[in-house]
**Student:** 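Quick one: structure below, then a few questions.
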Amino acid sequence: SRTYLVTGSASGIGKATVAHLREQGHTVIGADLKDADISADLATPDGRIQLVDRAHELTDGRLDAVIACAGLAHFVPRTIQVNYFGVVATLEGLRPLLAAGTDPRAVLLSSVASIHPADQTIVDAALAGDEAAAVAAAQAAVDRGEGYAIYGASKQAIARWLRRTAISDDWAAAGIPLNAVAPGTTVTPMTEPMLADAETRAAIDAGIPMPLHGHARPEQVAPLLTWLTSPENTHVTGQVVFLDGGADAVLRGDNI
Ligand code: NAD
């Protein structure tokens, strides 16, 4: 049995992943805004510190795996703070606990939205680690009526961070696989309100075509997150694995 920390554990993909891991007999510490073992707001510096401090207290400083699901899709600057800076702080902050664990692994959530054209001002500021500049660029997108672009930019930035970070000394040389899963449209409390509106649903389906099996359920994402963070995964690292019913193959085609 392994000890996992899952962020975004109170809803959707995170909640389904916690259930899947517990069914397999693993110990899981959930973190979320509320209804979790650790209550922390990962959009804030204080919340990020709380997450790591509480994780130390609850685990004696050892974790075997981290699954970073916490995310936001609102058309506001907070989305870049949670989806990029919150995820980076989660993984960097918990890395020392992973280094003390057994067969340590980590995975984060990107999205098919990461391959849509993105606002590079937001992406570049995020990758530079400049949260104030990223928030300002996101606010500028909101002011232009393009707040929808923040989400895709956050998911592209975190995928690029992952590619760089997975091969660094802190991760690869320390023996810790680090990957992303990029779901297509998955039916969760994040997307249910949008999918309930016929016009919005049609726009989503046009942007993320899923010829195989259509929209996913969170229970269908959990097993991949579990495998990527299992001891069986010895050599998959730095990958963005698309669990998307073929959306990436449709959208990127030959551009691999
Ligand atoms: P969800 O809204 O059901 O769950 C997300 C959870 O993250 C919620 O419990 C929420 O409280 C938590 N969270 C949000 N902001 C937080 C903060 N500041 N601090 C701590 N926790 C916070 O969404 P979901 O669909 O399960 O999404 C999980 C992940 O998968 C997200 O990163 C999302 O962007 C990604 N994703 C989802 C879809 C989809 O179609 N649902 C597609 C691609 C990627």
Side-chain angles (χ1 to χ4, degrees), residues 5-20 29-52 54-55 66-91 93 107-116 131 135 148 150-159 161-162 180-196 200-201 203-205 207-210 214-222 224-225 240-245 247-248 251:
L5 190 143
V6 177
T7 71
S9 60
S11 178
I13 294 169
K15 187 176 181 179
T17 302
V18 170
H20 187 254
I29 297 162
D32 208 305
L33 290 171
K34 56 184 172 69
D35 303 326
D37 303 301
I38 301 176
S39 295
D41 181 354
L42 298 173
T44 68
D46 282 354
R48 295 166 193 159
I49 291 168
Q50 268 168 33
L51 172 77
V52 176
R54 285 287 290 143
V66 174
I67 303 182
C69 295
L72 194 65
H74 295 169
F75 300 172
V76 295
R78 184 173 163 87
T79 292
I80 189 78
Q81 295 187 281
V82 179
N83 295 6
Y84 184 85
F85 294 94
V87 171
V88 169
T90 296
L91 293 167
V107 64
L108 61 85
L109 271 292
S110 180
S111 167
V112 169
S114 68
I115 62 171
H116 291 151
E131 189 162 358
V135 166
Y148 58 83
I150 300 169
Y151 182 78
S154 74
K155 294 300 184 179
Q156 184 175 116
I158 201 64
W161 176 84
L162 157 83
V181 167
T185 306
T186 307
V187 183
T188 69
M190 178 181 278
T191 52
E192 272 163 349
M194 300 185 253
L195 295 172
T200 310
R201 183 189 183 106
I204 289 172
D205 290 347
I208 305 179
M210 299 177 69
H215 300 163
R217 288 181 285 107
E219 298 76 29
Q220 295 169 322
V221 182
L224 179 58
L225 295 169
V240 180
V241 184
F242 287 81
L243 190 154
D244 67 354
D248 174 56
L251 295 170

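Every heavy atom of this structure was used, including side-chain atoms; hydrogens, water molecules and symmetry mates were not. Remember, it's a predicted structure, so these values are computed and weren't measured experimentally. For reference, positions follow the sequence shown, starting with 1. Start at 1 and go down the list; that is how both ligands and their atoms are numbered.
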**Student:** Test your reading of the model: is there a side-chain donor-acceptor pair from Arg48 to the backbone of Ala43, 3.5 Å cut-off?
**Tutor:**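 Yes; judged by distance alone, with no hydrogens or angles, the pair exists.
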**Student:** Output yes when the distance from some N or O of ligand 1 to some N or O of Leu109 is under 3.5 Å, and no in every other case.
**Tutor:**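 For ligand 1, there is no N or O atom that lies under 3.5 Å from one belonging to Leu109.
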**Student:** Between His116 and Ile208, is any pair of side-chain heavy atoms under 4.5 Å apart?
**Tutor:**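 Heavy-atom side-chain distance check passes, below 4.5 Å.
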**Student:** Within the 4.0 Å heavy-atom shell around Ala40, which atoms of ligand 1 are there?
**Tutor:**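 Every atom of ligand 1 under 4.0 Å from some heavy atom of Ala40: 19 (N), 20 (C).
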**Student:** May I ask which of Ala113, Ser110, Gly71 has a heavy atom nearer to atom 44 (C) of ligand 1 than the others do?
**Tutor:**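 Looking at heavy atoms only, Ser110 sits closest to atom 44 (C) of ligand 1.
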**Student:** For residues Asn83 and Ile158, determine if any side-chain heavy atom of one lies less than 4.5 Å from a side-chain heavy atom of the other.
**Tutor:**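 Side-chain contact under 4.5 Å: no.
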**Student:** Side chain, backbone, both or neither: which applies to Thr186 and ligand 1 if a contact is any heavy-atom pair less than 4.0 Å apart?
**Tutor:**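 Thr186 to ligand 1: contacts from backbone and side chain alike.
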**Student:** Please state which part of Thr188 comes within less than 4.0 Å of ligand 1, counting heavy atoms only: side chain, backbone, both or neither.
**Tutor:**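 Side chain only.
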**Student:** Before signing off on this row, confirm whether Asn83 and ligand 1 have an N or O atom pair separated by under 3.5 Å.
**Tutor:**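 No: no nitrogen or oxygen of Asn83 is under 3.5 Å from one in ligand 1.
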**Student:** Using a 4.0 Å heavy-atom threshold (strictly under), name the region of Val82 that reaches ligand 1: side chain, backbone, both or neither.
**Tutor:**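 Val82 to ligand 1: side-chain contact only, backbone stays beyond 4.0 Å.
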**Student:** Can you tell me how far apart CG (Leu91) and CG (Leu162) are? Round to the nearest 0.5 Å.
**Tutor:**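 Reported value, rounded in 0.5 Å steps: 9.0 Å.
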**Student:** Quick one: which ligand 1 atoms are inside 4.0 Å of a heavy atom on Arg78?
**Tutor:**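 Counting atoms of ligand 1 from 1, those under 4.0 Å from Arg78 are 18 (N).
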**Student:** Contact between Gly184 and ligand 1, counting heavy atoms under 4.0 Å?
**Tutor:**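 Per 4.0 Å heavy-atom rule, Gly184 contacts ligand 1.
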**Student:** Going by the order shown, which atoms of ligand 1 are within less than 4.0 Å of some heavy atom of Thr191?
**Tutor:**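 Near Thr191, meaning under 4.0 Å from one of its heavy atoms, ligand 1 has 39 (C), 40 (O), 41 (N).
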**Student:** Are any of the N/O atoms in Val112 less than 3.5 Å from those in ligand 1?
**Tutor:**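 No - when backbone and side-chain N and O of Val112 are compared with those of ligand 1, no distance drops under 3.5 Å.
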**Student:** Please check whether Lys155 reaches ligand 1 - meaning an N/O of the residue sits under 3.5 Å from an N/O of the ligand, judged on distance alone.
**Tutor:**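 By distance alone, the answer is yes.
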**Student:** Can an N or O of Ser111 be found at a distance shorter than 3.5 Å from an N or O of ligand 1?
**Tutor:**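 Ser111 vs ligand 1: no N/O contact under 3.5 Å.
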**Student:** Can you sort out which atoms of ligand 1 are near Gly12, meaning under 4.0 Å from one of its heavy atoms?
**Tutor:**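 Listed by number with element: 3 (O), 26 (O).
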**Student:** Cys69 to ligand 1: N or O pair under 3.5 Å?
**Tutor:**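 Checking ligand 1 against Cys69, an N or O pair does fall under 3.5 Å apart.
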**Student:** Can you tell me how far the NE2 atom of His215 sits from the OG1 atom of Thr188, to the nearest 0.5 Å?
**Tutor:**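 If I round to the nearest 0.5 Å, the distance is 11.5 Å.
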**Student:** Would you mind running through ligand 1 and noting each atom that sits below 4.0 Å from a heavy atom of Thr185?
**Tutor:**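 Contacts of ligand 1 toward Thr185, numbered from 1: 40 (O).
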